[in-house]
Amino acid sequence: MARKFLYLVAGLIVLAIAGALTYRFYGNDLIRMTLVPKEEFRAQPDVPGKAYDDRAMWLARPDLPGNPALWTPAGFAPRATPGGAAIFFIHPTSYVSRDHWNAPIDDAETNDRAALFLRGQASAFNEAGEIWAPRYRQATFGAFLTSVADAERALQLAYEDVDAAFDSFLRQIAADRPIILAGHSQGALHLTRLLRDRVAKDPTLARRIVAAYVVGWPVSRATDLPRMGLPECTAADQAGCLLSWESFAEPADLSLIVDTYDMTRGFDGQPRRGTPMVCTNPLTGTADATAPATANLGTLFPAADLSTADLTPARVPARCGERGFLFIGEAPDVGPYVLPGNNYHVYDYSLFWANVRADAGRRLAAWRPVKKAAKRASGKRR
């Protein structure tokens, strides 16, 4: 299992890196030839109303044999008893084909890759509770490299699957159970919409959210955050808040992200240009913070032959800096697959794996059910 996880971290992103490099140096014409689908987007039927009540529609859930989200490095173990939070995790892009705009939901290769992502990312949450991660008809990688309308349609289809899975998730957990929401990259993009469209419009649901980890996707403090139903996390033991970061080693070239970000509009309809992004320092659990490497409880480092992974503390620092990006100092050797500009996007979770694990547990401990809190307040008034 460890070997498979490390293989993904080191190997799956090769096509993504090739695409990013092609885009950087050769432009849109060649990128469309190599990674963007040639076919027109084809409308597909919605998943049936209760499709996600079937465990076969999930990559991870508590009753799924061989649950990949239960992976841990040596010295750690997943939660041994039922309970804790119910964790809804949306995995990043694992479909890299240009055959279609959206992954077939039963595509074995894509789902195997997605399961491997769960081992390296969602596993950080498996001590805090039970992880649910849906299969979904994710947009292909090429959808992020073009502005054509078909790309937006592909992302919309993917989100509709995530939304349907979330409905089923809520039906299958206790109505008063605390919830952790998390995602990465494309998964984090869909999570921003889930927060805007579902959490922000349902105060009862919002009160159940322990934290939302929107990792590897920018969130504008000015134009997005006010519409997402949760405040930014500003304290390490704060519950009911949102965390977000994008990791870069130094010197960093932020232009690939900033140029695109500045051309978009936020959830309030206003331009994102020039607005700061939410930056949570995962080493401190606070906003706009700086922390030395000694604060890092453990980074996942693969062995040279990719057969094992060691969790090594005190190797990677972090500081929130320009525009809200997270800077990790001199480039750490966690693997050769770093995106242009010293972008450590692939490693957003693994750089801080043990700190994310501790962060989730701390925020869960701080969360209080509404009914119990109200009862205590009533007793004090007497």
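The two residues Asp63 and Arg55 make their nearest non-hydrogen contact at O-NH1, 2.7 Å. Between Ala318 and Asn281, the closest heavy-atom pair is O-ND2, 2.8 Å. When all heavy atoms of Ala114 and Leu59 are compared, the pair lying nearest together is CB-CD1, 3.6 Å. Heavy atoms only, all atoms of each residue included: Leu205 and Leu170 are closest at CD1-CD2, 4.1 Å. Between Ala236 and Thr286, the closest heavy-atom pair is N-CG2, 3.8 Å. Summarising the geometry of Leu364 relative to Val210, their closest heavy-atom pair is N-CG1, 3.6 Å, with the distance given to 0.1 Å.
At a threshold of 4.5 Å between side-chain heavy atoms, the hydrophobic network of Ile, Leu, Val, Met, Phe, Trp and Tyr places Val338 and Val215 in one connected group. Residues Leu225 and Ile209 share a single hydrophobic cluster, defined by chaining ILVMFWY side chains whose heavy atoms lie under 4.5 Å apart. Both Phe352 and Tyr347 are members of a single hydrophobic cluster when ILVMFWY side chains are connected at heavy-atom separations under 4.5 Å. Connection of Phe88 to Phe117 is not established within any shared hydrophobic cluster, with ILVMFWY side chains joined at heavy-atom distances below 4.5 Å, either directly or through further cluster members. Grouping the Ile, Leu, Val, Met, Phe, Trp and Tyr side chains by contacts below 4.5 angstrom, directly or via other members, places Leu283 with Tyr344.
Judged by distance alone, with hydrogens and angles left aside, the side-chain atoms of Gln186 form a donor-acceptor pair with the main-chain N or O of Ala139 at under 3.5 Å. When atom types are taken as modelled, the side chain of Thr280 and the backbone of Pro282 share no donor-acceptor pair closer than 3.5 angstrom. With hydrogens and angles ignored, the 3.5 Å screen pairs no side-chain donor or acceptor of Asn67 with any backbone N or O of Pro62. Formation of a donor-acceptor pair under 3.5 Å by the Gln156 side chain with backbone atoms of Arg153 is not found in this model. A donor-acceptor contact shorter than 3.5 Å links the side chain of Asp262 to the backbone of Gly274. A donor-acceptor pair is defined here as one N or O able to donate and one able to accept, closer than 3.5 Å; no such pair exists between the side chain of Asn343 and the backbone of Leu339. Arg198 contributes no side-chain N or O that, together with a main-chain N or O of Arg193, makes up a donor-acceptor pair within less than 3.5 Å. No donor-acceptor distance shorter than 3.5 angstrom exists from the side chain of Asn296 to the backbone of Arg315, with no hydrogens or angles considered. Of the possible donor and acceptor atoms, one in the side chain of Asn355 sits under 3.5 Å from a partner among the backbone N and O of Leu297. A donor-acceptor pair under 3.5 Å links the side-chain atoms of Trp245 to the main chain of Asp348, judged by distance alone.
One finds the OG atom of Ser168 at 7.0 Å from the CZ atom of Arg61 (value rounded to the nearest 0.5 Å). Atom CG of Leu116 and atom OG of Ser94 lie 9.5 Å apart (nearest 0.5 Å). Note that CZ of Phe267 and CZ of Arg227 are 10.5 Å apart. Values are rounded to the nearest 0.5 Å. Distance check: Leu189 CG to Gln138 CD gives 12.0 Å after rounding to the nearest 0.5 Å. For the atom pair CE of Met228 and OG1 of Thr192, the computed distance is 5.5 Å after rounding to the nearest 0.5 Å. To the nearest 0.5 Å, the span separating SG on Cys320 from CG on Leu326 amounts to 5.5 Å.
Residues Ser350 and Val334 fail the side-chain proximity criterion, which asks for heavy atoms closer than 4.5 Å. Between Asp359 and Arg362, some side-chain heavy-atom pair lies under the 4.5 Å cut-off. Looking only at side-chain heavy atoms (C-beta outward), Arg363 and Cys233 come within less than 4.5 Å of each other. Within the 4.5 Å cutoff, the side chain of Pro78 has heavy atoms near those of the Thr72 side chain. Within the 4.5 Å cutoff, no side-chain heavy atoms of Pro178 are placed close to those of Arg208. Considering only heavy atoms from C-beta on, Val199 comes within 4.5 Å of Leu181 through its side chain. The shortest distance between side-chain heavy atoms of Glu246 and Pro218 falls below 4.5 Å. Residues Tyr159 and Asp197 are in side-chain contact: their nearest non-hydrogen atoms beyond the backbone lie under 4.5 Å apart.
Other residues, nucleotides and ligands contribute more than 12 heavy atoms inside 6.0 Å of the CD atom of Gln238.
A donor and an acceptor atom, one from each side chain of Thr299 and Thr312, are nowhere located under 3.5 Å apart. Using modelled atom types and a 3.5 Å distance limit, the side chains of Arg272 and Thr264 yield a donor-acceptor pair.
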Would you check, one step at a time, whether the test side-chain hydrogen bond (donor to acceptor under 3.5 Å, both in side chains) holds for Thr223 with Thr275? CA-CA 8 Å; Thr223 68; Thr275 63; 4.8 Å; no
Report the C-alpha separation of Val214 and Leu195 in whole Å, then their side-chain angles, then the decisive distance to 0.1 Å, and conclude whether the side chain to side chain contact (heavy atoms under 4.5 Å, CB included) test is met. CA-CA 10 Å; Val214 185; Leu195 288 163; 3.9 Å; yes
Determine, stepwise, if the pair Ile87 / Glu130 fulfils side chain to side chain contact (heavy atoms under 4.5 Å, CB included). CA-CA 6 Å; Ile87 298 141; Glu130 297 167 337; 6.0 Å; no
Criterion side chain to side chain contact (heavy atoms under 4.5 Å, CB included) on Ser185 and His345, from CA distance to verdict: CA-CA 8 Å; Ser185 196; His345 177 75; 2.9 Å; yes
Could you check Val47 against Tyr136 for side chain to side chain contact (heavy atoms under 4.5 Å, CB included), going step by step and ending with a plain yes or no? CA-CA 10 Å; Val47 294; Tyr136 67 100; over 6 Å; no
Let's go through Arg171 and Asp167 carefully: what are the C-alpha distance in whole Å and the side-chain angles of both, what is the deciding distance for salt bridge (Lys or Arg N to Asp or Glu O under 4.0 Å) to 0.1 Å, and is it a yes or a no? CA-CA 6 Å; Arg171 284 196 302 270; Asp167 275 336; 5.4 Å; no
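Using a 4.5 Å cut-off between side-chain heavy atoms of Ile, Leu, Val, Met, Phe, Trp and Tyr, Val258 falls into a hydrophobic cluster with Phe248, Leu254, Ile257, Tyr261, Met277, Phe325, Phe327.
For the pair Asp288 and Arg221, the salt-bridge criterion is met [side-chain N within less than 4.0 Å of a carboxylate O]. A salt bridge links Glu250 and Arg319; the closest N-O separation between the charged side-chain nitrogens and carboxylate oxygens is under 4.0 Å.
The aromatic rings of Trp132 and Trp58 sit perpendicular, their planes meeting at an angle over 60°, well past the 30° parallel limit. Between Trp353 and Trp71, the angle of the ring planes goes over 60°, which puts this pair in the perpendicular group of the 30/60° scheme.
Aromatic rings from His184 and Tyr213 are positioned such that their centres are separated by 6.0 Å or more. Here the two rings, on Tyr52 and Phe169, have centers that are 6.0 Å apart or farther.
Taking the ring centre of Phe76 as origin, the terminal cationic atom of Arg357 falls outside the region bounded by 6.0 Å and 45° from the ring axis.
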